[in-house]
Protein chains: 2
Amino acid sequence: MAKTSQAAGLHRASLDKLHDLDAALELMYYGWRGMTLEADAYLAKQGLSRPHHRILYVVARRPDIAIGSLLEVLGISKQALNRPLNLLLERKFVTSRRSPEQHRSKLLRLTAAGQRIEQRASDHERNVMRQAFDRAGASSAAAWMAVMEAIADHN
Amino acid sequence: MAKTSQAAGLHRASLDKLHDLDAALELMYYGWRGMTLEADAYLAKQGLSRPHHRILYVVARRPDIAIGSLLEVLGISKQALNRPLNLLLERKFVTSRRSPEQHRSKLLRLTAAGQRIEQRASDHERNVMRQAFDRAGASSAAAWMAVMEAIADHN
DNA sequence: AATCTCAAGTCAATATAGTTGACATGAGGA
DNA sequence: TCCTCATGTCAACTATATTGACTTGAGATT
């Protein structure tokens, strides 16, 4: 293994399993990584990262969302939103305008360029999912969704 | 919504679906969150966080692992490992000793206290998985594993 | 008009998790 | 003695987040 990077690329390690469900924990970890890897690489090429993508993703699916609602959906503080959102506004991936009736809030929308970035980044993730679903079959895909829903809605 | 925290708790948002697989992307996101939420809360109570847990998890499953191998498995730089590992050594959750033959490398092991922390943190994650598998059924659990493997091993 | 409320924006300080680069230490092998 | 190699450490930097305190600007209320 030549002289690549000090931080090696993290290829699924084979660890002893102490418990029945250890394999499931590890699959969740490496699955998350596997789904986001290419999208993150694409975003990095654009000078963006995952927080930017999350903003683009949500605004794409909720045009005219107000900043306050966006904060709620993302689950972060407005100070944390500030930097990435301003970058997206500066680079004209997102526009903001005041609401006609509710002049207090600002409504966010993607520009055409913003839509393109969002689509390409999400496409990387969707392609990973599509290939995995294709390999495992449609009924497995449905089962995967059911299990993930149970995990997401835990408690 | 009273005056809780500026960063609200992030409850699965209902976003419009622009693509077929958008639901899958969101499930991966919220699933990852759902699995790690309680474990992270437990670790925070112990003054630890996810990197510490990852170290404990790996060392538990590879007793006498050398630092260099640990770096490889974790996929981070030795400088990034330094702080969390030193904390674990200070707090006597991990011990290091020199190898009898290979005096160059240090071998890491969990103490009893370290094993307890690792087990409890991982238990939180395993419990989430167990409940989800129970709800979805054994064949769905197997399908979930197959899909996650395909995602993790993507290219 | 003066004041209150509320969404948004901003500034400062802090924590965490990581990076690269440079260099020191200590043990074995040539 | 000198070289290699695993480990350790220092410094500087980046990114992503937090809390707290405050300002701004628009509407609503008295």
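Per chain, numbering begins at 1; letters A, B, ... match sequence-line order. These numbers come from the heavy atoms of this one structure, side chains and all, not from hydrogens, waters or symmetry mates.
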Donor on one side chain, acceptor on other, A:His52 and A:Gln46, under 3.5 Å = no
Heavy-atom donor-acceptor pair, A:Asn127 side chain to A:Asp123 backbone, under 3.5 Å | yes
Donor-acceptor pair, A:Ser69 side chain versus A:Ile65 backbone, under 3.5 Å?
-> no
Select one nucleotide: of C:dA7, D:dA17, D:dC10, the one nearest the side-chain heavy atoms of B:Gln79.
-> D:dC10
Short side-chain N/O contact from A:Asn82 to OP1 or OP2 of C:dT10, under 4.0 Å = yes
Expected list for residues 47-60 of chain A near DNA chain D, using heavy atoms below 4.0 Å, is A:Ser49, A:Pro51, A:Arg54
Consider the side chain of B:Lys78, meaning its heavy atoms from C-beta on, and name the nucleotide among C:dC23, D:dA6, D:dT18 that approaches it most closely.
-> C:dC23
Against the side chain of A:Lys106, the closest entry in D:dC10, C:dA7, C:dG9 is C:dG9
Are any of the side-chain heavy atoms of A:Leu70 and A:Ile55 separated by less than 4.5 Å?
-> yes
Report yes if a side-chain nitrogen or oxygen of B:Ser77 is closer than 4.0 Å to either non-bridging phosphate oxygen (OP1 or OP2) of C:dT19; otherwise report no.
-> yes
Choose from C:dG9, D:dA6, C:dA7 the nucleotide whose nearest atom is closest to any side-chain atom of B:Ser105.
-> D:dA6
Quick one: is the NZ or CZ of B:Arg61 closer than 6.0 Å to the six-membered ring centre of B:Tyr57, and within 45° of its axis?
-> yes
Whole-Å distance separating the CZ atom of B:Arg98 from the P atom of C:dT25 | 15 Å
Rounded to the nearest Å, what distance is computed from the CG atom of residue B:Leu71 to the C1' atom of nucleotide D:dT7?
-> 10 Å
Look at A:Asp20 together with B:Arg130 and state whether they make a salt bridge at an N to O cut-off of under 4.0 Å.
-> no
Which of the following nucleotides, D:dA11, C:dT10, D:dT7, is nearest to the side chain of B:Ala66?
-> D:dT7
Between atom CZ in B:Arg97 and atom P in C:dA27, what is the gap in whole Å?
-> 16 Å
Measure from CG on B:Leu81 to P on C:dA17 and round the result to the nearest Å.
-> 13 Å
